[in-house]
Amino acid sequence: MNVADREDLTLLERAHERFCAGEPVESGVRPWVLTSWERSRHLGVASYHMPPVYDSDVDLHGRLAQAATPVLDELEARLSGIKVAVVLGDEHARVLQRRVGEPALLRGLDDNQVLPGFEFSEQAIGTNGLGTALAERRPVLVWGREHYPDSMSGLVCAGSPIRDPISGRVEGVLNLACLDKFADPAMLGVAVNATDRIEECLLEQISQREQAMLRAFLEARRRGGEVAAVTAQPIDRAGPILSHDRLRLLEKATELISADQAIVAVVPLSGGRTATLVSRVIENPAGTRGIAVEAILTDGSFWHVTSGSRGDHGGASTTRRGPLARAATPVPVHQPPTAEPAIAAGPASTGPAPHVPESPLTAAPLPGAPVSDTAADRWLLAVGEPGVGRLAVKARERLSLIWEAGSRVGTSLEVTRTAQELAEVAVPRFADFVAVDLPDPVLRGDEPGVLDAGLRRIALATTLRNFDLVADVGALTHPPPTTPQGRCLADGRSVLEAELDTTFWWTPQDPERGRRVREQGIHSLMVVPMRARDVTLGVASFYRSRRMGAFEEDDLALAEELVGRAAVCIDNARRFTREHIMAVTLQRSLLPRRLPEQDALDVAWRYLPAEAGVGGDWFDVIPLPGARVALVVGDVVGHGLHAAATMGRLRTAVLNFSVLDLPPDELLAHLDDLVTRIDNEESTRDGPETHECEAVTGATCLYAIYDPVTGACTMARAGHVGPAVVHPDGTVTYPDVPVSPPLGLGGHPFETAELRLPESSQLVLYTDGLIEDRHRDLQAGLDELQGALEGAAGRTPEETCQAVIDTTLPPHPSDDIALLVARTRKLSPSKVAHWDVLPDPAAVASVRTECGAQLQAWGLEDIGYTTELILSELITNAIKYGTPPITVRLLHSRSLTCEVSDGSSTSPHLRRAATTDEGGRGLFLVAQFAQRWGTRYNPRGKVIWAEQPLHDGAAAATMDDTPADTLLAQFDDLTL
């Protein structure tokens, strides 16, 4: 032993001392060993005392001992002269045989009571090679102080469980033991190889018993005067048995064998034929009980099944390849049936089964079985042991359950729904109660994190009532580390408690609860970790009552298969949830959170993301100068994060372009250039994300500007669905707005349309997800929308939105839906003032005076001086640099807007004048006193505008504390 091994051994001894003293152990011991120590302590085992547990009823010569003897003989010969002992134990870790490489080891084995009949289970002595291999149900290597008993601390044990090759149940355990100074890690491999060979011997035992039963059956037929040889028969009337008929007959024969009694059953075949299956109890010379199943064709025609036939072809065959081939190939017997109606399956006799040699099968026909004197229509279909038959039936049921789970589990990308599907598949066919518990982060789409924070019960299915272990769906549970759920989470491995009556140590803190559970009949439990991509997502617990019997090893394998499939589906759903939440969060952050205040429209909206993922739909309401409002609805092609990000870029671009106060066609032209540039950038990007980005190309958009002064609505659309208008009288129309190509194609002009909307009209803008999906065409969606809008004249925009959603929303939206409903208002003529201005500087003063009078009429005297100053600058600039006609307009709405228009397209620019300049300060003054100002162009020239807040005290202030009248006088001198 080298220095490193001595240090590890010292750490292990210290860890064992701390554990036995009740102190926490965080390092120095393997996790599964620590779990075994905890089981031992909770079972009340003392490490310093190993009381002998002896059972005199141990079957030392049973089928396991018989199968293992030749393997142990060979192993003993190979280990001759080596200080290693081989111990064979049964399913309770009771010693059946022991072999030694050196006789000197016998004394040490006797001292530790390693003798036939003594028990070495964990319940009896704690962690050791025999008992822990059975408890863990896997090969284990227990080294030195890892043994819980002090007396075994100097040994190294390599234990490997032995499974029945047919049932998969653990039938026993093989253990190699030696002193630690002679130990070799290769011992575990030797033990595993030996158990594999023992399992092969167990399989040979089954084959030998079935061969003996088949020989006994044929011998009974021969004694009864019947011919067991196979002869060719005509098949022209019935034809060969089809492959699916053969499979159906063999499946039914397997069920009859598993029933372990004499039964008559009728099986329908293709072509309107039926076959009667008769099962009889037989025994081989050694006394092994078995079942023989014969098939009888009820329509009297000749038929056969050959082991060499394929597909739907068959023919008579006289070939025999031994007893096992005879069990798979029907053997004709001279006793044809009579034509009788179908007989329901059921026990044909309740008396004791006849012994074959003394009572030939043909001597006593079963009640209800068809009997005839015509020969060669009864066939031997199968011979087998009832236990093996039951395992075959269970195997078929398990395959059926796996197939059903594949079609029912994971039908959606929802975590809770997938978990519930798993529970419903398993109950009641596989378990009486199933619960799925996951941590909260998984439900949010995050990584599981620390599972100690508790598990949330998200799915439940049960046939039991008032089950004490049932926590309501949604409840938060904290499984203690000693419970199967806690062990499963800690180790990441499945836990099988086949008999809770003997292993109910995991609830010592609540014995009353354990008593109630036992009284309710729950006696078997499996806990399987939900693992996907090397991450434990949670646990699934399966419980059985005595009605279904205890869980076995094959049940655990099936549960792991079911849970494994569900775990992958849940992990996919978790990842989708995370991506969906991220995309929705990004998308909602890019959409308007609240609509801006304005007086032109009453607006309501709805935005509904698609179920499968977010898209690129967006909308916006943008106040414009002159009390006007722009309405925007758009849709980016594609779904996902890239579509949402592209939508955010386009919405920002529309906001920026609207600041320029462009007409709808020009704005869409600029937007088209932007989309083309975005597509070009994405197509030339290098990297693995190129193809994903190229999938999102193009967008649609509708841009409308409503003027409350004139009631005109100017709009243009690029590939987008047209708007709907609800007139004040309730009629619904779809205005003819010219449709232009979608954004991103480039080089196509955009056309505009102008509508006159009476006051209280409703303008409805939407995306195509509202009216079109894969189950509904465009026209049908437009008809539904029109039906929802009819009679909306008396509704508020909010009520109209809800009515449209309730009527047209598909059950499972596959695309995003954006809906915008705007009810028009008109600005009262009393709130608008208009003057024509002569192109003469002397006209500035008179217009200024008339404007002041109008402001007094509106009650806006407190901003009169600043308004007159702004108008003086704007009118003077129009006279000096513009061309006629020159007009002035004041709009009194949420703010006061001053507009000066002229026929020139030259736009003024703000600059900072030098101290020696005689001019250039006018627009600087306007920018200081106005809340905002700008220029927009129209077909007749341009409009320079400036907005001021109403009744703003700051607006009355003057620069450098100069009185307003003095400042205006100075301003007149500058402009003149």
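Contact check on Glu759 versus Arg825 returns no salt bridge, with no Lys/Arg side-chain nitrogen under 4.0 Å from an Asp/Glu carboxylate oxygen.
Within the 4.5 Å cutoff, side-chain heavy atoms of Val603 are placed close to those of Gln598. The shortest side-chain heavy-atom distance between Val654 and Asp620 does not fall under the 4.5 Å cut-off. The closest side-chain heavy-atom distance from Cys851 to Leu890 is below 4.5 Å.
For the residue pair Tyr607 / Asp617, no side-chain donor-acceptor distance below 3.5 Å is found, with atom types taken as modelled. Side chain to side chain, Gln948 and Thr867 meet the donor-acceptor criterion of an N or O pair below 3.5 Å. Counting only N and O atoms by type, the side chains of Thr883 and Asp902 include no donor and acceptor under 3.5 Å apart. Remark: the Trp933 side chain and the Glu947 side chain contain no N/O donor-acceptor pair separated by less than 3.5 Å. Arg795 and Thr800 are not linked by any side-chain donor-acceptor pair at a separation below 3.5 angstrom, with hydrogens and angles left out of the test.
Not a single donor-acceptor pair under 3.5 Å links the side chain of Ser658 to the backbone N or O of Asp661. In this structure, Thr866 contributes its side chain and Ile863 its backbone to a donor-acceptor pair below 3.5 Å.
Legend: side-chain hydrogen bond (donor to acceptor under 3.5 Å, both in side chains) pairs involving residues 698-715, not counting sequence neighbours, sorted by first then second residue: Thr700-His720. Screening residues 733-751 for side-chain hydrogen bond (donor to acceptor under 3.5 Å, both in side chains) gives His727-Thr733 as the qualifying pairs, with residues at least two apart or on separate chains.
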